Amino acid sequence: MCARYAFFRMHVVADDFGVTPLPDLVPRWNVAPMQFAPVIVSDSEMRMMRWGLLPSWAKDESMASKLLNARGETVAEKPSFRAAFMSRRCIVPTNGFYEWKGPAGSKQPYFITRRSSELMSLAGLWETWSDGVQTLETYTILTTEPNELVGELHTRMPVILGRDDAHAWMESAEAAPALITQYPAEDMEAIPVSREVGKVSVDHPGLIEPAEEQKELF
DNA sequence: CCAGACGTTGTT
DNA sequence: GTCTGG
DNA sequence: CCAGACGTTGTT
DNA sequence: GTCTGG
């Protein structure tokens with residue numbers, strides 16, 4: 001799964017997409033579901049949207065927190081994702097994401113990032129939803145089978161796209177299905193980090209610093 | 001026909 | 001235990 | 001994903 | 001909106 005991530009190197013987005021970062025963007029080390037974060041919907045267009053997809057037909061907002069991720073294997077068919085997959089694919093710009101390993105109560109979080117400091121572009125979908133009172137733009141992140149590195153920690157990982165594939169993902173509905181692939185493990189690393197990242201209210205650069213893997217106290 | 005679901009992950 | 005909020 | 005709430009009435 | 005279950 002992918003349910004927390006970081007986005008703090010603003011300039012790399014400009015390098016890859018020619019997007020001018022939004023003027024009020026602040027760096028984030030702990031983006032959580034139901035929060036607003038930048039997504040790229042096409043060349044040179046970045047928008048703030050809320051994480052958790054709300055299909056246009058949803059009667060209320062209650063579905064959003066369940067649609068954080070979309071399985072790449074079934075995204076083309078599922079009623080909740082089908083329309084967005086055909087015409088509203090986006091890139092979620094990150095510098096890495098978090099995964100937890102271990103039994104409930106003593107889970108160790110890891111920050112998973114690219115070995116280079118390049119942008120980690122996640123494949124996403126977005127939607128516009130309105131109930132007549134308010135209008136929301138929301139997004140979700142595709143997942144796939146994990147590679148060797150992430151597989152040590154979890155059963156799923158986000159769909160990560162290289163620069164060229166990221167452009168193709170947004171532009172071409174024909175090319176999109178073949179881009180749902182497993183990013184190579186050798187380009188990535190997993191760093192054990194503080195359990196502080198579990199708290200949604202905590203957001204600072206120390207969250208991605210290496211930390212001792214915590215031992216059980218008994 | 002209408003009513004109700006529409007999703008993922010992890011854990012047991 | 002289970003659901004909601006972030 | 002984890003953390004935190006989980007409830008009502010009346011009063012200020 | 002569209003599909004499935006009854």
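In this text, all values refer to a predicted model and were calculated from it rather than measured experimentally. Order of the sequence lines sets the chain letters (A, B, ...), proteins ahead of strands, with each chain counted from 1.
Here A:Trp100 does not count as stacked on D:dC1, because the ring centres are not under 5.5 angstrom apart with planes under 30°.
Contact between the side-chain N/O atoms of A:Lys107 and the OP1/OP2 oxygens of D:dC2 is found at a separation under 4.0 Å. Not one side-chain nitrogen or oxygen of A:Arg71 sits closer than 4.0 Å to the OP1 or OP2 atom of B:dT8. Phosphate proximity of B:dT9 to A:Thr143: present, with a side-chain N or O under 4.0 Å from OP1 or OP2. A sub-4.0 Å separation between OP1 or OP2 of E:dC3 and a side-chain N or O of A:Arg82 is present. For A:Ser62, no side-chain nitrogen or oxygen approaches OP1 or OP2 of C:dC3 to under 4.0 Å.
With salt bridges taken as basic N to acidic carboxylate O contacts below 4.0 Å, none links A:Arg50 and A:Glu137. Using a cutoff of 4.0 Å between basic side-chain nitrogens and carboxylate oxygens, A:Glu99 and A:Lys101 are not scored as salt-bridged.
Here the nucleotide nearest the side chain of A:Lys199, chosen from D:dA3, B:dT9, D:dC1, is D:dA3. Distances from the side chain of A:Thr74 to the nucleotides B:dT8, E:dG1, D:dC1 place B:dT8 closest.
One P atom belongs to D:dC2, the other to B:dT11, and the distance between them is 7 Å to the nearest Å. With P as the reference atom, B:dT9 and E:dC3 are 24 Å apart, rounded to whole Å. Across the C1' atoms, B:dC6 and D:dC6 are found 27 Å apart, a figure rounded to whole Å. One P atom belongs to D:dC1, the other to B:dT8, and the distance between them is 13 Å to the nearest Å. For the P atom pair drawn from D:dG7 and B:dG7, the interatomic distance equals 28 Å after rounding to whole Å.
Taking atom CG of residue A:Leu54 and atom P of nucleotide C:dT4, one finds them 14 Å apart after rounding to whole Å. Between the CE atom of A:Met34 and the C1' atom of B:dG7 there is a distance of 14 Å, rounded to whole Å. A:Leu68 has its CG atom 13 Å from the P atom of C:dT4, to the nearest Å. To the nearest angstrom, P of B:dG7 lies 14 Å from NZ of A:Lys59. Between the CH2 atom of A:Trp51 and the P atom of D:dC2 there is a distance of 12 Å, rounded to whole Å. In this entry the distance linking CZ of A:Arg156 with P of B:dT8 reads 9 Å, nearest Å. Distance, A:Arg195 CZ to D:dC1 P: 15 Å, rounded to whole Å. Protein atom NZ of A:Lys66 is 10 Å distant from nucleotide atom C1' of B:dA5, rounded to whole Å.
Contact annotation: the side chain of A:Arg4 approaches that of A:Val200 to within less than 4.5 Å [non-hydrogen atoms, C-beta and beyond].
Classification of the A:Phe8-A:Trp29 ring pair by plane angle, with boundaries at 30° and 60°, yields parallel. Ring pair A:Trp51/A:Tyr139 is parallel by interplanar angle, where below 30° counts as parallel and above 60° as perpendicular.
A:Phe81 comes within 4.0 angstrom of the backbone, heavy atoms only, and of no base. Here A:Leu67 lies in heavy-atom contact (under 4.0 Å) with sugar-phosphate atoms only. A:Gly72 comes within 4.0 angstrom of no nucleic acid atom, judged by non-hydrogen atoms across all strands.
A 3.5 Å limit on both hydrogen-bonding distances identifies D:dA5 as the Watson-Crick or G-U partner of C:dT2.
When atom types are taken as modelled, the side chain of A:Thr143 and the backbone of A:Pro158 share no donor-acceptor pair closer than 3.5 angstrom.
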